[in-house]
Amino acid sequence: RPGLALCAGCGGRIQDPFLLRVSPDLEWHVACLKCAECGQPLDETCTCFLRDGKAYCKRDYSRLFGIKCAQCRAAFSSSDLVMRARDHVYHLECFRCAACGRQLLPGDQFCLRERDLLCRADHGPPPDGASA
C-alpha cells in the first residue's frame, strides 16, 4: 500500500518502497519511527512500545511507564525478583525495615505504614483480631 498510507510520525504520505507497521493500524516512514524520548531509530531489530500514539524504545518505555520500586523508585528489569506488600512492589534489596534496616524475607511478619515497612520488632504484635 505504499503511496496510500499516512505516516503516524509525520503525517505525510508514505510513497517509499518500504514502510514500518506498528500494531495493526499504524504505519511509519522508516526514517520517522524513532523513540519519542531519546530519538533512537526503531526498526525490525529494536523492540518498539506504543503509548498515546508515540513510539518508545524498551529502555525509555520502562523508565517512563513501568512499575517502579516503592522504596528506591527505580524501574524493574524482567529478571528482577520482587516482593509485594499490598499494591507496592519492591526490589528484594529494598524490602527492608524502615526503622532498623533489616532485610525482610518471605515469611517474615511486617507492618506497612504508607510506604514504610516495619519488621515485627519495630511495629510490635498486631492488635487483637488483626493480621500482619
Side-chain angles (χ1 to χ4, degrees):
R1 297 185 7 186
L4 301 176
L6 294 179
C7 177
C10 71
R13 279 200 123 92
I14 302 176
Q15 297 178 337
D16 305 351
F18 299 101
L19 59 81
L20 295 174
R21 183 169 286 136
V22 180
S23 126
D25 57 348
L26 295 177
E27 296 167 324
W28 304 69
H29 290 110
V30 173
C32 289
L33 187 56
K34 296 178 182 175
C35 176
E37 190 70 13
C38 71
Q40 174 185 348
L42 303 171
D43 56 24
E44 65 276 355
T45 64
C46 183
T47 304
C48 177
F49 294 85
L50 290 178
R51 176 115 179 201
D52 300 326
K54 294 180 182 177
Y56 297 92
C57 67
K58 183 176 183 177
R59 185 188 77 234
D60 285 330
Y61 187 86
S62 294
R63 181 178 58 80
L64 293 168
F65 307 112
I67 296 172
K68 294 178 178 58
C69 176
Q71 180 62 38
C72 72
R73 304 303 299 156
F76 295 100
S77 73
S78 59
S79 61
D80 285 341
L81 297 175
V82 300
M83 296 290 281
R84 294 179 184 272
R86 291 196 190 116
D87 58 345
H88 301 287
V89 184
Y90 300 82
H91 293 106
L92 289 181
E93 279 299 310
C94 296
F95 200 70
R96 298 179 170 277
C97 176
C100 69
R102 183 175 74 83
Q103 185 172 9
L104 299 167
L105 302 172
D108 287 349
Q109 290 185 347
F110 65 90
C111 174
L112 180 63
R113 290 193 186 134
E114 295 186 25
R115 268 202 301 215
D116 288 337
L117 296 166
L118 298 170
C119 67
R120 183 178 176 116
D122 288 315
H123 78 76
D128 292 337
S131 62

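- Here the closest non-hydrogen pair linking C69 and Y90 is SG-CA, 3.7 Å.
- For A75, there are no side chain to side chain contact (heavy atoms under 4.5 Å, CB included) partners at least two apart in sequence or on another chain.
- The distance between the ring centers of F49 and F65 does not fall below 6.0 angstrom.
- Counting heavy atoms from C-beta on, the side chains of E27 and L6 never come closer than 4.5 Å.
- Using a 4.5 Å cut-off on side-chain heavy atoms (C-beta onward), M83 and L104 make no contact.
- In the displayed structure, L92 atom CG is contacted under 6.0 Å by more than 12 heavy atoms of other residues, nucleotides or ligands.
- Residues R84 and V89 share a closest heavy-atom pair of NH1-CG2, 3.2 Å.
- We find the SG-CZ distance between C38 and R63 to be 8.5 Å, quoted to the nearest 0.5 Å.
- One hydrophobic cluster holds both V82 and I67 under the rule that ILVMFWY side chains link at heavy-atom gaps under 4.5 Å.
- Separation of atoms CG (D87) and CG (L112) is listed at 8.5 Å; rounding is to 0.5 Å.
- In this structure, R120 forms no cation-pi arrangement with F110, as its terminal cationic atom is not both closer than 6.0 Å to the ring centre and no more than 45° off the ring axis.
- Between D122 and R102 there is no salt bridge, since none of the side-chain N atoms of the basic residue sits less than 4.0 Å from a carboxylate O of the acidic one.
- Residue-environment remark: CZ (R73) exceeds the threshold of 12 foreign heavy atoms within 6.0 Å.
- Residue K58 qualifies as open at atom NZ: its count of foreign heavy atoms under 6.0 Å is 12 or below.
- Contact between L42 and C48 at its shortest, heavy atoms only, is CD1-SG, 4.0 Å.
- Both L81 and F95 belong to a common hydrophobic cluster when Ile, Leu, Val, Met, Phe, Trp and Tyr are linked at side-chain heavy-atom distances under 4.5 angstrom.
- Using a distance-only test at 3.5 Å, with no hydrogens or angles considered, no donor-acceptor pair links the side chain of D60 to the main chain of C57.
- Scanning both residues, R96 and G101, for their nearest heavy atoms gives NH1-O, 2.9 Å.
- Inter-residue side-chain proximity for V30 and D43 is flagged as unmet; no heavy-atom pair is nearer than 4.5 Å.
- Residue Q103 comes nearest to E93 through the heavy atom pair OE1-OE2, 3.8 Å, listed as atom of the first residue, atom of the second, then distance.
- Of all non-hydrogen atoms in L64 and E37, the two that sit nearest each other are CD1-OE1, 3.7 Å.
- Aromatic ring orientation, H91 versus F76: tilted (interplanar angle from 30° to 60°).
- Residues C10 and H29 form a side-chain contact, since some pair of their non-hydrogen atoms from C-beta on lies under 4.5 Å apart.
- Between D116 and R113 no salt bridge is recorded (no basic side-chain N to carboxylate O distance below 4.0 Å).
- Atom SG in C97 sits 5.0 Å away from atom CG in L118 (nearest 0.5 Å).
- Here the CZ-CD distance, from R59 to Q40, works out to 7.0 Å after rounding to the nearest 0.5 Å.
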